[in-house]
Number of protein chains: 2
Amino acid sequence: MTFSEENYLKTIYHLTWVSDADISTNAIAEKMETKASSVTDMLKKLSEKDLVNYIKYQGVSLTDKGKLAAKMIVRKHRLWECFLVEKLEFSWDEVHDIAEQLEHIKSEKLINKLDDFLGNPTEDPHGDPIPDANGRIIKVEKQLLSEFEKNQIGICVGVKDTSSDFLKYLDKQEIALGSQIEIIEKESFDSSFRIRVGTKELTVSNKIASNIYIK
Amino acid sequence: MTFSEENYLKTIYHLTWVSDADISTNAIAEKMETKASSVTDMLKKLSEKDLVNYIKYQGVSLTDKGKLAAKMIVRKHRLWECFLVEKLEFSWDEVHDIAEQLEHIKSEKLINKLDDFLGNPTEDPHGDPIPDANGRIIKVEKQLLSEFEKNQIGICVGVKDTSSDFLKYLDKQEIALGSQIEIIEKESFDSSFRIRVGTKELTVSNKIASNIYIK
DNA sequence: TATAATTTTTAGATTTGCCTAAATTTAATT
DNA sequence: AATTAAATTTAGGCAAATCTAAAAATTATA
Ligand SMILES: [Mn+2]
Ligand SMILES: [Mn+2]
Ligand SMILES: [Mn+2]
Ligand SMILES: [Mn+2]
């Protein structure tokens with residue numbers, strides 16, 4: 001499987017994760033920053049290889065084979081992110097781009113040994129679940145901070161937006177995985193939140209609150 | 001720089017390491033298991049980018065820029081081999097193919113952090129020197145076992161042939177980097193050697209002896 | 001030094017992944 | 001239901017990296 005094929009599978013997998021329904025050509029094109037015509041070409045190829053179910057004009061979904069392949073790429077991506085953070089002391093906002101490269105390294109033995117070396121983590125540095133060698137995922141239920149109400153308390157367990165900019169913002173506010181967050185006030189006018197993180201109080205916009213997972 | 005360009009640079013670098021003179025199109029084609037016409041195409045491109053000095057029909061050499069680029073790829077290859085052996089418990093005959101992939105990962109920060117994580121090793125699992133971040137190499141002088149004479153004693157510090165088959169043979173004979181090797185007898189008829197490795201005695205062909213470095 | 005053998009380059013194709021522009025299909029609106 | 005708008009596919013092309021076959025240059029040999 002080529003890098004490009006792998007990237008398409010991964011994208012379809014991610015889009016399915018949030019929406020579940022069949023995925024449109026345009027949705028893939030937008031996420032991959034490419035053209036719809038290129039997507040069509042690739043969907044034909046992936047369909048030929050039985051990695052996706054594709055019907056012209058009707059959208060696409062992963063076959064079992066394609067889903068497993070996608071999960072293995074996600075597994076690699078997230079394990080490498082763990083490695084970079086835990087062993088090489090990268091911060092969580094620096095690892096994604098490097099993992100985008102590392103996820104394409106082909107060696108089952110390598111990834112399984114890496115898994116063991118890291119102590120078989122179940123989540124990556126952004127709180128996302130890591131599929132095991134068989135593709136099984138422990139799905140932890142978590143809510144967005146924006147769905148919380150006044151006086152509720154929870155622990156930050158993940159982020160939805162994993163962009164470097166957002167992660168750096170969280171660093172600045174000293175919000176990290178494991179931080180306790182308490183809703184002091186919810187402003188009805190703009191849906192912003194007054195929250196307490198540890199001992200500090202701060203106000204965050206609804207956009208921010210919609211990208212932090214709490215449990 | 002593409003993977004292919006990097007592989008060509010690395011190949012030219014390795015060929016230069018052993019012979020020093022300008023490298024022929026055919027030599028590159030043979031080493032890379034490709035066709036001479038493909039090599040010509042790539043040499044034009046590398047020349048255009050000032051990575052090689054190339055004159056039609058006259059062979060090729062690396063420019064300073066090309067040499068540094070090649071060294072950085074070799075640095076990555078060998079550091080990853082160290083990582084695989086030291087941290088993930090791969091054996092020395094399993095790491096080359098994986099390192100062939102990992103050497104193309106682009107991130108200076110990654111490779112320098114990996115270097116530190118490994119304790120800044122100067123040699124890879126096969127006894128080959130690892131260029132530092134500036135491309136400097138500590139060249140340790142070593143001789144081939146085949147050049148040794150009766151009664152001489154030395155330490156195995158490297159291998160010339162790094163093929164999996166040869167490395168497995170050495171494992172079987174319990175010859176590893178650091179092993180003490182003593183020449184008991186040199187057979188003039190076929191230039192084979194009777195040697196002592198640790199407490200064991202064994203006979204090795206000249207071909208074997210020509211692929212073990214001793215100091 | 002001619003001629004033959006070898007090496008190297010050029011010419012022309014192929015595959016992969018991508019693009020633009022045009023055609024087609026599906027969805028949304030009068 | 002007809003028309004318009006949007007999404008998707010097709011057609012045709014391009015660049016990178018490879019190949020085969022033919023041409024050209026270099027090297028070896030008689
Ligand atoms: Mn990531
Ligand atoms: Mn992640
Ligand atoms: Mn190697
Ligand atoms: Mn090596």
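Residue numbers start from 1 in every chain, and the chains themselves are labelled A, B, ... in the order their sequence lines are given, proteins ahead of strands.
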Worksheet item: For Asp41(B) and dT8(C), what is the distance between atoms CG and P respectively, to the nearest whole Å?
Response: 15 Å
Item to complete: May I ask you to evaluate whether Lys44(B) reaches the phosphate of dT10(C), defined as a side-chain N or O under 4.0 Å from OP1 or OP2?
Response: yes
Discussion item. From CD of Gln58(A) over to C1' of dT25(C), roughly how many Å is that when rounded to an integer?
Written reply: 10 Å
Practice prompt. Please determine if a side-chain N or O atom of Lys56(A) lies less than 4.0 Å away from the OP1 or OP2 oxygen of dT26(C).
Written response: no
Discussion item. Check whether Thr16(A) reaches the backbone of Ile12(A) with its side chain - one donor and one acceptor, N or O, closer than 3.5 Å.
Written reply: yes
Worksheet item: Salt bridge between Lys10(B) and Glu103(B), side-chain N to carboxylate O under 4.0 Å?
Response: yes
Fill in: Separation of atom CG in Leu43(A) from atom C1' in dT8(D), rounded to whole Å
11 Å
Item to complete: Output yes when at least one side-chain N/O atom of Ser37(A) is less than 4.0 Å from OP1 or OP2 of dT20(C), else no.
Response: no
Worksheet item: Rounded to the Å, how far apart are Met42(A) CE and dT9(D) P?
Response: 14 Å
Worksheet entry | Residue met sooner reading DNA chain C from 5', once Ala36(A) and Gly59(B) are mapped to nucleotides | Gly59(B)
Worksheet entry | Lys/Arg N to Asp/Glu carboxylate O, Glu94(B) vs Lys168(B), below 4.0 Å | no
Practice prompt. Measure from CE on Met1(B) to C1' on dA16(D) and round the result to the nearest Å.
Written response: 16 Å
Item to complete: Kindly assign one of parallel, tilted or perpendicular to the pair Trp17(B) and Tyr13(B), based on the angle between their ring planes and the thresholds 30° and 60°.
Response: tilted
Discussion item. I want to check one thing: is the phosphate of dT9(C), taken as OP1 and OP2, less than 4.0 Å away from some side-chain N or O of Lys35(B)?
Written reply: no
Worksheet item: Do His77(A) and His96(A) have ring centres separated by under 6.0 Å?
Response: yes
Worksheet item: Are the side chain of Glu5(B) and the backbone of Thr2(B) linked by a donor-acceptor contact shorter than 3.5 Å?
Response: yes
Discussion item. I want to check one thing: is the phosphate of dT9(D), taken as OP1 and OP2, less than 4.0 Å away from some side-chain N or O of Tyr54(A)?
Written reply: yes
Worksheet item: Between dA7(D) atom C1' and Ile55(A) atom CD1, what is the distance in whole Å?
Response: 17 Å
Discussion item. For dC19(C) and Ser38(A) - does any side-chain N or O of the residue sit under 4.0 Å from the phosphate oxygens OP1/OP2?
Written reply: yes
Discussion item. Test: side-chain hydrogen bond (donor to acceptor under 3.5 Å, both in side chains). Region: residues 56-67 of chain B. Which pairs qualify, not counting sequence neighbours?
Written reply: Asn53(B)-Ser61(B)
Discussion item. Do the side chains of Lys215(A) and Glu141(A) get close enough for a salt bridge, i.e. N-O under 4.0 angstrom?
Written reply: no
Worksheet entry | Residues in contact with DNA chain C, drawn from residues 4-16 of chain A - heavy-atom cutoff 4.0 Å | Ser4(A), Tyr8(A)
Discussion item. On the nucleotide dC19(D), are OP1 or OP2 found under 4.0 Å from the side-chain N or O atoms that Thr34(B) carries?
Written reply: yes
Please write out the pairs of protein N or O atoms and N or O atoms of nucleotides 3-7 of chain C separated by less than 3.5 Å, giving the distance to one decimal.
none

Worksheet entry | Residues Glu187(A), Arg194(A): salt bridge by 4.0 Å N-O rule | no
